[in-house]
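Heads up, the thing below is written out as structure tokens.
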Amino acid sequence: MKNSVEEQFAILYRIAKQKDELYRNIAGQLDISDTEFSVLHYFCYSKKYFTQSELSEQLSIPEQTINSTITSLVKRGYVYLEDTTAAHNSKMIRLTEAGAVLCQNKIVPVLSKEINAFSRLTEEERNNLISLSQIHHLFLLKEFNGFLESIRSDAK
């Protein structure tokens, strides 16, 4: 017997929540928040420096949340803000030595395990996963187009 669309969606949703919990547990073991983990993970993976607004865009996290996260990471000594010559109000976020050590010793091994798990899929499976994820995202965008505005106008 085939699963209905609702049952299939429930399975997919449960898997997404299990992955979220896995990363939440990893962040907890590192004594950092989920968002701090995401930011440090992105720094370690990309090996670049970013402004807060670039991080917000790249990680799809609101700028206010990124701002709070960066403030916390600065207090913990993992990152620092550096003035850029290009814009007076924009600062580059850079890893401190302690942040680089955390990345190298704790985050990079997580990245390695993620890549190992992904590489267990065949090339065709990896490509299908990427393609289907992109298609599903586009369908979500189409379904939600205008939806948020209608909720806001209904709430007024």
Side-chain angles (χ1 to χ4, degrees), residues 3 5-87 89-144:
N3 290 335
V5 171
E6 289 83 5
E7 291 167 329
Q8 290 171 327
F9 179 76
I11 292 167
L12 192 60
Y13 186 80
R14 188 170 49 252
I15 291 167
K17 292 303 172 188
Q18 289 169 340
K19 284 172 60 176
D20 288 347
E21 181 65 19
L22 176 62
Y23 286 101
R24 196 171 13 267
N25 287 337
I26 291 169
Q29 290 296 313
L30 297 174
D31 196 29
I32 58 177
S33 73
D34 299 3
T35 310
E36 289 170 333
F37 177 81
S38 293
V39 167
L40 290 170
H41 184 279
Y42 194 68
F43 268 100
C44 293
Y45 177 74
S46 65
K47 299 178 179 137
K48 295 180 184 175
Y49 304 110
F50 302 94
T51 64
Q52 290 186 26
S53 92
E54 289 170 336
L55 272 176
S56 174
E57 184 180 322
Q58 292 295 316
L59 297 175
S60 298
I61 297 174
E63 280 195 48
Q64 190 170 7
T65 303
I66 289 292
N67 183 285
S68 300
T69 300
I70 296 305
T71 299
S72 175
L73 289 171
V74 167
K75 286 179 184 173
R76 290 170 168 261
Y78 294 134
V79 301
Y80 66 96
L81 301 173
E82 180 178 271
D83 287 327
T84 62
T85 55
N89 63 347
S90 181
K91 296 185 180 192
M92 295 301 286
I93 305 159
R94 295 189 179 271
L95 292 174
T96 62
E97 188 174 326
V101 168
L102 177 68
C103 276
Q104 190 58 42
N105 294 340
K106 304 294 182 181
I107 310 285
V108 169
V110 172
L111 284 165
S112 177
K113 293 187 180 312
E114 290 171 317
I115 291 168
N116 288 344
F118 190 64
S119 70
R120 288 183 175 196
L121 299 170
T122 66
E123 184 176 0
E124 182 179 3
E125 289 168 333
R126 292 190 305 266
N127 288 329
N128 286 340
L129 180 58
I130 292 166
S131 178
L132 291 171
S133 295
Q134 290 171 327
I135 292 167
H136 183 240
H137 181 71
L138 290 174
F139 288 159
L140 282 171
L141 290 174
K142 286 181 182 180
E143 287 293 325
F144 285 112

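These values consider heavy atoms only, across backbone and side chains, with no hydrogens, waters or symmetry-generated copies. Model, not experiment: these values are computed from the prediction.
Side chain of S112 to main chain of V108: no donor-acceptor pair is present (N/O by atom type, distance under 3.5 Å, no hydrogens or angles). The main-chain N or O of T122 is found under 3.5 Å from a side-chain atom of E125 such that the two form a donor-acceptor pair. Judged by distance alone, the side chain of S133 and the main-chain N or O of L129 form a donor-acceptor pair under 3.5 Å. In terms of modelled atom types and a separation under 3.5 Å, the side chain of S56 and the main chain of I61 share a donor-acceptor contact.
The side-chain contact (heavy atoms from CB on, under 4.5 Å) test with T69 is passed by exactly one of V39, L59, I32: V39.
Closest approach of I93 and T51 over heavy atoms only: CD1-C, 3.9 Å. Taking each heavy atom of S119 and R126 in turn, the nearest pair found is O-NH1, 3.6 Å. Closest heavy-atom contact between L40 and C103: O-SG, 3.8 Å. For G77 against A98, the heavy-atom pair with the smallest separation is O-CB, 3.6 Å.
Between the side chains of Q52 and N67, a donor-acceptor pair is found at a separation under 3.5 Å. Between the side chains of E36 and S72, at least one donor-acceptor pair of N or O atoms lies under 3.5 Å.
Residue K113 holds its NZ atom at 9.5 Å from CD1 of I26, rounded to the nearest 0.5 Å. One distance of note links CZ of F37 with SG of C44; it measures 8.5 Å at 0.5 Å rounding. Remark: D83 CG to K91 NZ distance equals 4.5 Å, nearest 0.5 Å. L132 contributes atom CG, which lies 9.5 Å from atom CD of Q134 (distance to the nearest 0.5 angstrom). Distance CD1/I66 to CD/E63: 8.5 Å, rounded to 0.5 Å. One finds the CG atom of L55 at 8.0 Å from the CD atom of Q58 (value rounded to the nearest 0.5 Å).
Residue-environment remark: CD (E21) exceeds the threshold of 12 foreign heavy atoms within 6.0 Å. Taking a 6.0 Å sphere around CZ of F118, one finds it holds more than 12 heavy atoms contributed by other residues, nucleotides or ligands. No more than 12 heavy atoms of other residues, nucleotides or ligands lie within 6.0 Å of CD in E97, so this atom counts as exposed by the packing criterion.
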Test side chain to side chain contact (heavy atoms under 4.5 Å, CB included) on R24 and D20 and set out the steps. CA-CA 6 Å; R24 196 171 13 267; D20 288 347; 4.1 Å; yes
Under the side chain to side chain contact (heavy atoms under 4.5 Å, CB included) criterion, do L102 and Y78 qualify, and how do the steps go? CA-CA 8 Å; L102 177 68; Y78 294 134; 3.8 Å; yes
Could you go step by step and tell me if H41 and E114 meet the side chain to side chain donor-acceptor pair (under 3.5 Å) rule? CA-CA 11 Å; H41 184 279; E114 290 171 317; 2.7 Å; yes
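Between F50 and F43, the ring planes are perpendicular. Angles over 60° get that label, and only those under 30° would be called parallel.
Taking 4.5 Å as the limit, every side-chain heavy atom of L22 sits out of range of all side-chain heavy atoms of Q18. The shortest side-chain heavy-atom distance between R14 and I11 falls under the 4.5 Å cut-off.
Under the side-chain contact (heavy atoms from CB on, under 4.5 Å) criterion, L138 pairs with L141, sequence neighbours left out.
A cation-pi arrangement is absent between R94 and Y80 under the rule of less than 6.0 angstrom and at most 45 degrees off the ring axis.
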